[in-house]
Protein chains: 2
Amino acid sequence: MNVARRAVATRKEDNQVVVVLSAMSGETDRLINLANEIDPEHNRREHDVLLSSGEQVSVALMAMAIETLGEKAISYLGSQVCIRTDNDFSRARIIDIDGDRIKKSLQQGQIVVVAGFQGVDENGNITTLGRGGSDTSAVAIAAALQADVCEIYTDVDGIYTTDPNICDQARKLDKISYDEMLELASLGAKVLQIRSVEFAKKHGIPIHVRSSFTTTQGTIVCKEEEGMEKAIVSGVAYNKNEAKITICGIPDRPGIAASIFTAIAAQGIVVDMIIQNISAEGLTDLTFTVPKLDYDHALASLREVNREIGAREINGDKNIAKVSIVGIGMRTHANVAGRMFAALARENINIMMISTSEIKVSCVIAEKYTELAVRVLHQEFDLAEESKNES
Amino acid sequence: MNVARRAVATRKEDNQVVVVLSAMSGETDRLINLANEIDPEHNRREHDVLLSSGEQVSVALMAMAIETLGEKAISYLGSQVCIRTDNDFSRARIIDIDGDRIKKSLQQGQIVVVAGFQGVDENGNITTLGRGGSDTSAVAIAAALQADVCEIYTDVDGIYTTDPNICDQARKLDKISYDEMLELASLGAKVLQIRSVEFAKKHGIPIHVRSSFTTTQGTIVCKEEEGMEKAIVSGVAYNKNEAKITICGIPDRPGIAASIFTAIAAQGIVVDMIIQNISAEGLTDLTFTVPKLDYDHALASLREVNREIGAREINGDKNIAKVSIVGIGMRTHANVAGRMFAALARENINIMMISTSEIKVSCVIAEKYTELAVRVLHQEFDLAEESKNES
């Protein structure tokens, strides 16, 4: 009802309004449980038929709710507005959207309510986009309609410099660039689905991340621009869901890294950071991270493949965390990484692995230091105060 | 799971199988309640979007269940197999079905699971067929595929000569003709939706009404044929949901009946039986029945229209019931009605109204005699014993 009121208020300000919804709270889990009771390995096509009913219920009820508030509304499913995807069921990707039907309804003064998270493949099969897919639906529809803005309502009131639960100095950002948001999302910030940010970046649609419960301004995710805070670092992210595996004493022959990572990829395991050192005796050490859930699985398949490779030792560590700093200012500032390493060193936090990109630096540390490291880095780069870390 | 097993067993006997499902028990009511909480007068298009999600859940779960039993299965929604209807939301009528997609899946050896109760109008809007509409979906699909038989699984094990709850002599029929079934359904027997029987009759598809809980043969609804029981009377039906209204002393002018029934129809009230007598003084008495729920409403609008008509008196009676006998044998047997009236008279049951068709006779009596009348008529026409009432 809250959302309906907000849609109507926005419409009354003479905007054309499209509302994109996910399923009601708990509904998707309820449906998944029904399917798992029948067969935990159930058919993925039918999985999508099942789950997409959740959004169908949401959009019908929302259209009804909007009409009780005196505005005209019409609901559409993914298939009805041709949200075309590939046929990779349960994690399909949007290919294109035909905005004509939505535009026609908007021109008739209707508030259009679209089922998020779902689409249709070229054979008319229902597909779903995976968890958080409604964000991507919303941005893709906004792009198809060349909307002014895509507002994403969530349970937090914006994007923070870091997780407020572990750092009480965390500050809500007014704006953040697409690239920074992408890095933060891939580093563990859970507010937006990565794919939705990619879509927004590609089509230049500003995303306004804001709370469903208040009317205060949230955070705008948009192109880099003059008015944007010129922070060296915009945020500190952390991720405790990875584990580290090291293979020591690998004979340094061509193709060996390939056979290791092919073996892991064959298990459907996604590798994140990779570091390779060549040791003195012509042997190589290789360290990389995998999702904690896949750790045992990855170790087993590595021991298998090692019969051919003949590395000296395979070991690992599940008690690690990745702490990262992100900021477009890094492009123009030297030694940001050095400041990060020094800050961690002052607290005697040992760095196990390092990985960098143009706008981020990530360090793997012992898991027990995660919160300490986040607070130390938040302080080091003055994130509590707006634009304080400007050059 | 029961249904899945039955579908798989039928498939293993080398049949092509299409399963048509309604929503899970209680689901449709749950969804209607959600809508009514928002607005009891909610938008009918959105009503259909909402309700059709119920069957969507059923078909996905059923396809999964069938696959756990080792057969291939695929689910389809009404829109995916083009169950085209008009756009009279919440009580749409099927116009046609494109059986091609179903046939293709059958040829690939799949068990096809189709969502009943739902269709799609020419603009791609989701429609539903009204309560019991899944029966009609099943028969319509059977017709489109020229199936050998359409089995309808229900909570009773077939069609009975009368309601076993009030007559312990009631007997399950092996076969019944479409026309008899249509009369019984319109007279109050609730096993099959009338529309589904009309569809089956039009396309010559036999319906096998049987129980979901047992594997015993039920009742076949089919064309009149040689092998069919040559009963004068096949069944006794009753209906306690009507009320009687009498308008006495109507000036006998042309157009007066028209203005009365126009006034009632304008309220959306459906009139069933109508009787008119011309009394001695050139005045007319008119008696008819309406659904009990509409009784007060009908009386009010009649008193309104009577300001112009000037009839002497309007009165009515809610405590009535309609008792009917149905049988194709009546076409070739004289005085079936006379035997009915005599049997009721022997029990001193007064007949208030009579209406007949080619294969049925209905009498309106006081409601309190309903059960007695049903038993008396069941006995009079020897319905307890197979083919005993043959000529």
Item to check | Arg84(B), CZ: over 12 other non-hydrogen atoms inside 6.0 angstrom | outcome: yes
Checklist entry - So with a 6.0 Å cut-off around CD of Gln108(B), is the heavy-atom count from everything else above 12? => result yes
Item to check | Among the listed options Ser75(B), Ser79(B), Gly124(B), the residue most often paired with chain A at heavy-atom distances under 4.5 Å | outcome: Ser75(B)
Checklist entry - In this structure, are over 12 heavy atoms from other groups packed under 6.0 Å from Lys202(B) atom NZ? => result no
Checklist outcome for this item: Cut-off 4.5 Å, heavy atoms of chain A, and the answer for Glu67(B) is side chain
Item to check | Part of Ala73(A) within contact of chain B (heavy atom distance under 4.5 Å) | outcome: backbone
Checklist entry - If you take all heavy atoms of Gln56(A) and Ile126(B), which pair is closest and at what distance? => result NE2-CD1, 3.8 Å
Next on the checklist: How close do Arg101(A) and Asn123(B) get, counting heavy atoms only, and between which atoms?
Outcome noted: NH2-O, 2.8 Å
Next on the checklist: Among Val113(B), Asn125(B), Val59(B), which residue has the highest count of heavy-atom pairs closer than 4.5 Å to chain A?
Outcome noted: Asn125(B)
Checklist entry - Which residues from residues 22-55 of chain B are near chain A, with near meaning under 4.5 Å between non-hydrogen atoms? => result Met24(B), Glu27(B), Arg30(B), Leu31(B), Leu34(B), Ala35(B), Ile38(B), Asp39(B), His42(B), Asn43(B), Arg45(B), Glu46(B), His47(B), Val49(B), Leu50(B), Ser52(B), Ser53(B)
